[in-house]
Amino acid sequence: MEDIFQGYKGRALEVLKKYNVRVWGKAVVETSRGEFKGTVLPRAENDDDCHIVIKIDTGYNVGIDIFTITSMKEVGYYKATYKIPEKEFPFTPNLPKVKLLGTGGTIASRLDYRTGAVIPAFSPGELYGAVPELADICNLSTEKLFAVFSENMGPEQYKALAIAIGKEIENGIDGIIIGHGTDTLSHTAAALTFMVQNPPVPIVLVGSQRSSDRPSSDAALNLMHAALTAGHSDIAEVMVCMFGPTSDEYGFLHRGTRVRKMHSSYRSTFRTIGNTPLATVSRKDGVKPIVENYNHRRKDRKAKILPYFEEKVTIVYYYPNMQPDIIDSLVDNGYKGIIIAGTGLGHINKPLYPAIERATKKGVHIYMTVQTLWGYAHMYVYDTGRDLMAKGIIPAENMLPETAYIKLGWALGQTNDPAEVRRLMLTPINSEITEREPYNGYLIYQGGVPEVEDFIRKFRK
Amino acid sequence: MAKKTTTPKQFDPQKNYLATMKAIGYVRRSNATPEDYRRIGFKSGLEVHQQLKTQKKLFCRCPAGIFHENEDFHAEIIRHMRPTLSEMGEYDGTALMEFKTKKEVIYRINNKTTCTYEIDDTPPFPVNREALEIALEISLLCKMSIVGEVHITRKQYLDGSIPTGFQRTAILGVGGELQLKKKKINLIQLSIEEDACREISDIGHQRIYKTDRLGMPLIETVTHPECLTPDELREAGDYIRFLNRSTGKVRTGIGAARQDTNVSCEGGTRVEIKGVSHSKWLPELSHNECFRQWALLNIRKMLLERIANTASWALRHMEIDAYSHNLEHELAQKYTDNGYKLVAVALPAFHGILSHFTQPGMSFTNELSDRLKVIACVEKPNITSDEDLVNPLSEQDTVKLASLLKASADDAIVLIWGPKEDIPTALDVIDERCRMAFEGVPRETRRPLADGTTLFERVLPGADRMYPDTDSAPIPLEDSYIKKLSENLPVDIWQRFQQLANMRIPEDTHRFILRRNLVPIIEEISNMGFSARFVGTLLGHNLKCIEGHIPMHKDFSYRRIVEMFAFLSKQKLHQSLSKLMLPVIYQHPNMDFNSVLTSINFKKRTVDELTAPVDYLIEKFKEIRVTKDNNPNIVVNWVMGQLNRQAMGNTDLKELRKRIEERVNA
């Protein structure tokens, strides 16, 4: 049966029932503060039970305090349907075939009355209705694999995605786009880099920082950039495609293993760490590579699909005075792999040593990364580092902690042999470890410096 | 052989303009009577925007009220806006129009006044409570039904004036009323909202804004369209403005209060004139808008008489080259040289419509030209025809184009031009606007000009552009809180008018006094024992005159006037001295009052000292007098004149005059 009091509970629900007024009913409400007229709207689940929300004629929503209500009358009914007009995606000969695999996230979303926030929504027709420019770029087909928020993505989804990508490649697709929430976009990108090796076509992960229900959303432009990349670029790698500057100008293509979300809300939040991005992409200039060496697009359909993941792997973010019981309890709970994000060059304090020793003896694989994010774990520089290596911790070079976590899960999904795990971990698949850190791989300019200010004023960062 | 075409010979657009102006019964505002407004069914309402005086902006912690020059910026951000669905699942008409224009919007941001919130790189912070409270006080003053829970809503604006593409706004009260002199005006609602960017320029496809004002708290008071003459509209505008200012918690100065007015005539449409900064401009603007609609209805009538089936009406057009088609019009040549595309358009049955009066100095051609600029982004001048009031096509050019387009004598021929990529939209715009003429008055918002006329700004948005703000939680308003606020409200404005009348303060000062919220100051001074009528007149006449001529010192506040009277009272000086002191303290508010007295050469004298030279002066007057008239008032006046200045502040001048009269008559 349809819920005619959508979201209302407790005392507010009693009031609606008492006066026989439904959600979407047009109501006249008399209160001790005066009269209100409008359409009763659903209420978000987490909001209180003391107010009823109505949309007044001018389009605004207001809440009415139920304790002030003296009478209420339903005088009409109009149920709104929130739907982007669907149009069939047109086929254009000579344009590349691109597949969009949906996972959820703000790239396509709509209003959710349950939580009052936005929820993912997805269909090719909807996308075409919202971003008709896509039809000039490629022939797009879509498949909705899951509808989850980015934070709910996990190993099951990584594996399913890898298999789905393998199938698309086999079927002759020219490029793949994965729509994804941004919070864990880089984790998925790393997972896919390891699970789909040597792909013949671009695999582009894309999201948006401002939901597509707002006019200034970055969703449409990101999607166009992703379609351009998937359909037309020569770079056949797993990439993240998101805004370069915060302005609507161009996007960056980041390698899936070296990219990280660096700001909680900026559009230009994704940055390549320890290297330059792969390329820029814009509607005007298409894809322009920045790096010289990358995996080129091929005609063959050969890609290695390795959908494995061990879930008992974790990241430990070190802090001063961390107690050994943190490590002990992980071991006791059956964790098979631990990535430590250590301080400086890859350090933790002495009281943890016995716990580390106990863990490695029990066969737990421990790798060291750096919480500075930029730079390598150099464990030979100080005694601490040497001690730690002696106790079985393996430095993971300049692998990002999150990438190392994903890679260890992936490696342990295939083998438990320490030497084999070590080989898998330290043999880069696509730049998760780089031999060299170029000088322009670390550029965090600080505001206030005249030349920086000058640059910002001129170049619309 | 092509069908022989005829062209109107020696068509005089000016003559047609004047004839159509007369035909619709246009009268100048100064000659208009209430009967004229009844005849055309004048109806108008207001949306009054008022900035609130808060330290910080509404949804972030940036300072409010600091403004920058156009070139004073630290970074530029580019955005493009796309239409999205409203909560009710509809696209808004304006949104689609704005999308058609494909504008690149550039924001100039200055770190002093802008953070990541304004440029939409951070979600909103909790609403500014100080602002909310001021807005609630004003809602209560308007006798509104206060909501139980404030819901922040997004109102779409795709013109780029807000980087998010929407304005965060919330209703605080609905209903309510204003008591004007002769009638009541009902209110629709009051909302609190964030102010928009200030536009720097809008040329072609690029619009530039600065973000200093963006996000400042603002309230919007909306009335029902119940003003039936332009004067009532102004009275309502003033009333709301005075009411807002009576709280003492709103901003004043340029741009701090702006009004939108919606106007319609009988059979017309609600058209909104946006951003009128002075209520004194409202009458002229609303008057002209009402007659513009009246003119458009006449155009509709004429067209429907000429065209049997408007659905099958279609324009014809062809690309033109000024040289190969040998056009002599200078703009045709100029824009061909510029590499623009020129298109000649035949508008069947529109002959005589293009020069039909719409507003003083404007004709139906302006309706097309404005839209070409706004929607197709083609800068003006962007159109001409043989009916152009300013720079018409020659008869020869018109004949040539009419022949090319196979146009008949009933058709209008226009020539438009623009960058190649904008021409398809330009043709759509012409087609769309001509078709709208069959319906009457298009729903739109218009921009006011100084001469009282208006320009097309954009299609009037509707309720379809509202969307709940998913980034903000609702804010409950407890009964106890509302009750507390209602106990501390300032006096109603209609009561203020009555107070002023009771104090016998001249009526011509009321507007000045209420606009500046000076009644509390008058009350305070009169409580010291001074005459309220005197103080009111001092403010409404002397202060008004000073404000009109001298820029106010930044440290001057009306409190200083209260302090001046306290000083006079303490020194037992007469109130009349305030007239001499006022200009000094206005320009030198930090000067101590004794120095002020020195600067006006004031010396303390007793009445006896003042009157000591009276006999001498009477004798002196006898020596120098030229008139033969023996009226004693003449000598009294002259002696008064000699003593006036020294007496000011030392005694009541009436008292002094009495003494002089006694001596003269002695």
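Residue numbers begin at 1 in each chain, while the letters A, B, ... track the order of the sequences.
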Please determine if [X] and [Y] form a salt bridge, counting it only when a charged side-chain N lies under 4.0 Å from a carboxylate O.
X         : Y         : result
Lys9(A)   : Glu14(A)  : no
Asp218(A) : Arg210(A) : no
Asp479(B) : Lys483(B) : no
Arg168(B) : Asp471(B) : yes
Glu177(B) : Lys143(B) : no

- Item | Ring-face cation of Arg260(A) near Phe270(A) (centre distance under 6.0 Å, axis angle within 45°) | no
May I ask you to name which of [options] has the most heavy-atom pairs under 4.5 Å with chain A?
options                                    : value
Asp120(B), Ile106(B), Asn111(B), Leu172(B) : Asp120(B)
Val150(B), Ile482(B), Thr122(B)            : Thr122(B)
Thr153(B), Thr164(B), Val174(B)            : Thr164(B)
Met144(B), Gln189(B), Lys155(B)            : Gln189(B)

- Task: Identify which part of Glu249(A) has an atom lying under 4.5 Å from any heavy atom of chain B, answering side chain, backbone, both or neither.
- Result: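 Looking at Glu249(A), just its side chain touches chain B.
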- Item | Residue Asp48(A) versus chain B: region with a heavy atom under 4.5 Å |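 Asp48(A) touches chain B through side-chain heavy atoms alone.
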Name the member of [options] that forms the most heavy-atom pairs with chain B at distances under 4.5 Å.
options                                   : value
Gly34(A), Gly447(A), Ser216(A), Pro215(A) : Pro215(A)
Ile64(A), Thr31(A), Val53(A)              : Val53(A)
Val62(A), Leu221(A), Asp454(A)            : Val62(A)

- Any chance you could lay out the salt bridge (charged side-chain N to carboxylate O under 4.0 Å, His left out) test for Arg43(A) and Glu149(B), step after step, and finish with the verdict? CA-CA 12 Å; Arg43(A) 187 150 172 94; Glu149(B) 199 181 46; 2.8 Å; yes
- Query: Going through the distances and angles, do Asp159(B) and Arg458(B) end up as a salt bridge (charged side-chain N to carboxylate O under 4.0 Å, His left out)?
  - Reply: CA-CA 9 Å; Asp159(B) 59 358; Arg458(B) 65 172 98 104; 2.4 Å; yes
Portion of [X] that has a non-hydrogen atom of chain A nearer than 4.5 angstrom:
X         : value
Pro474(B) : side chain
Phe73(B)  : both
Ile188(B) : side chain

